[in-house]
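In what follows, residues are counted from 1 in the order of the sequence shown.
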Amino acid sequence: MVYLVALGHSSRRLSELHSISFKQITNWVHRFEKEGIEGLKDKKGRGRRSGLSEEQLERIKEVIKETPLNHGYQSEKWTGPLLIQWIKREYGLVYQKAQIYNLLAKVGIIFEKKLGLVSKV
């Protein structure tokens, strides 16, 4: 995107064509102008921090090893939406579907169609 902007393409038009926010494209351009290629590399610490503590994440890893039936749900396997409900009930935190899968992947929990959420750690 930065290269295309440098060639004279409109950030707004690129945003529409590639379904990327205009703000994201301008952020990339500014980071490139300020830091060069290094400014475009992902850096640790960018993005929002999890509202869950390390202890809470460990508890979630343990909970998904159990059946949701043990926690009052009418399901044999954990899913993202079901875990979102459990987290809201237990910790008062609300996550969106995309957020929960990204958060879980970071701690070694993935979704497998036949099994639901499973810990790979």
Side-chain angles (χ1 to χ4, degrees):
M1 291 300 131
V2 173
Y3 180 68
L4 292 173
V5 170
L7 289 176
H9 294 275
S10 159
S11 297
R12 292 221 183 265
R13 182 71 180 128
L14 290 170
S15 169
E16 294 167 5
L17 289 172
H18 297 283
S19 299
I20 298 171
S21 76
F22 169 75
K23 180 68 174 156
Q24 181 62 59
I25 294 172
T26 57
N27 284 344
W28 287 332
V29 170
H30 290 121
R31 283 173 38 198
F32 179 76
E33 288 172 346
K34 185 177 178 184
E35 305 171 45
I37 293 293
E38 288 299 312
L40 299 177
K41 292 181 180 175
D42 286 336
K43 295 179 182 144
K44 186 174 176 152
R46 288 203 174 165
R48 183 182 292 181
R49 297 206 194 296
S50 170
L52 295 166
S53 69
E54 291 300 318
E55 294 80 23
Q56 291 168 328
L57 290 171
E58 287 300 318
R59 172 76 177 118
I60 290 170
K61 283 185 188 180
E62 294 304 314
V63 165
I64 66 151
K65 292 177 184 175
E66 304 168 15
T67 176
L69 295 169
N70 293 348
H71 296 275
Y73 297 103
Q74 300 299 312
S75 177
E76 296 281 329
K77 60 184 178 180
W78 287 103
T79 63
L82 195 58
L83 191 60
I84 288 170
Q85 289 177 26
W86 185 86
I87 290 170
K88 183 177 181 183
R89 187 179 74 195
E90 292 293 312
Y91 302 120
L93 297 172
V94 178
Y95 282 88
Q96 299 298 317
K97 195 173 177 182
Q99 291 173 307
I100 200 69
Y101 288 115
N102 291 337
L103 175 77
L104 294 174
K106 288 181 183 177
V107 296
I109 299 170
I110 62 167
F111 180 79
E112 291 185 1
K113 264 189 178 177
K114 293 183 181 180
L115 300 175
L117 294 174
V118 293
S119 178
K120 291 295 181 182
V121 180

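- Put simply, CG on Leu14 and OG1 on Thr26 are 11.5 Å apart, with the number rounded to the nearest 0.5 Å.
- Here Glu90 pairs with nothing under the salt bridge (Lys or Arg N to Asp or Glu O under 4.0 Å) rule; sequence neighbours left out.
- From Ile109, atom CD1 reaches atom CG of Leu57 across 8.0 Å, with rounding to the nearest 0.5 Å.
- One hydrophobic cluster, built from ILVMFWY side chains closer than 4.5 Å, cannot hold both Phe22 and Leu17; they sit in different ones.
- Here the shortest heavy-atom pairing between Gln56 and Gly51 reads OE1-O, 3.9 Å.
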>> The test is side chain to side chain contact (heavy atoms under 4.5 Å, CB included); show your working for Ile100 and Ile87 and say whether it passes.
In response: CA-CA 10 Å; Ile100 200 69; Ile87 290 170; 3.4 Å; yes
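- Applying the side chain to side chain donor-acceptor pair (under 3.5 Å) definition to pairs two or more places apart or across chains, those involving residues 6-16 are Arg13-Glu16.
- Both Ile20 and Leu40 sit in one connected hydrophobic cluster of ILVMFWY residues. Membership requires side-chain heavy atoms under 4.5 Å apart, directly or through other members.
- Both Leu93 and Leu104 belong to a common hydrophobic cluster when Ile, Leu, Val, Met, Phe, Trp and Tyr are linked at side-chain heavy-atom distances under 4.5 angstrom.
- Contact detail for Thr79 and Tyr101: the closest heavy-atom pair is C-OH, 4.2 Å.
- Here the shortest heavy-atom pairing between Leu82 and Lys77 reads CD2-O, 3.8 Å.
- With hydrogens and angles disregarded, a donor-acceptor distance shorter than 3.5 Å links the side chain of Gln99 to the backbone of Gln96.
- Within the 3.5 Å criterion, the main-chain N or O of Val63 finds a donor-acceptor partner in the side chain of Trp78.
- Between Glu33 and the choices His30, Glu35, Arg31, the side-chain contact (heavy atoms from CB on, under 4.5 Å) rule is met once, by His30.
- Side-chain contact between Glu58 and Glu55: absent, with no pair of heavy atoms (C-beta onward) separated by less than 4.5 Å.
- Within 6.0 Å of the CD atom in Glu54, the count of heavy atoms belonging to other residues, nucleotides or ligands does not exceed 12.
- Counting all heavy atoms, side chain and backbone alike, Leu69 lies closest to Ser75 at CG-O, 3.4 Å.
- Side-chain atoms of Arg89 and His71, non-hydrogen and from C-beta on, do get closer than 4.5 Å to each other.
- Inter-residue side-chain proximity for Tyr95 and Leu52 is flagged as met; some heavy-atom pair is nearer than 4.5 Å.
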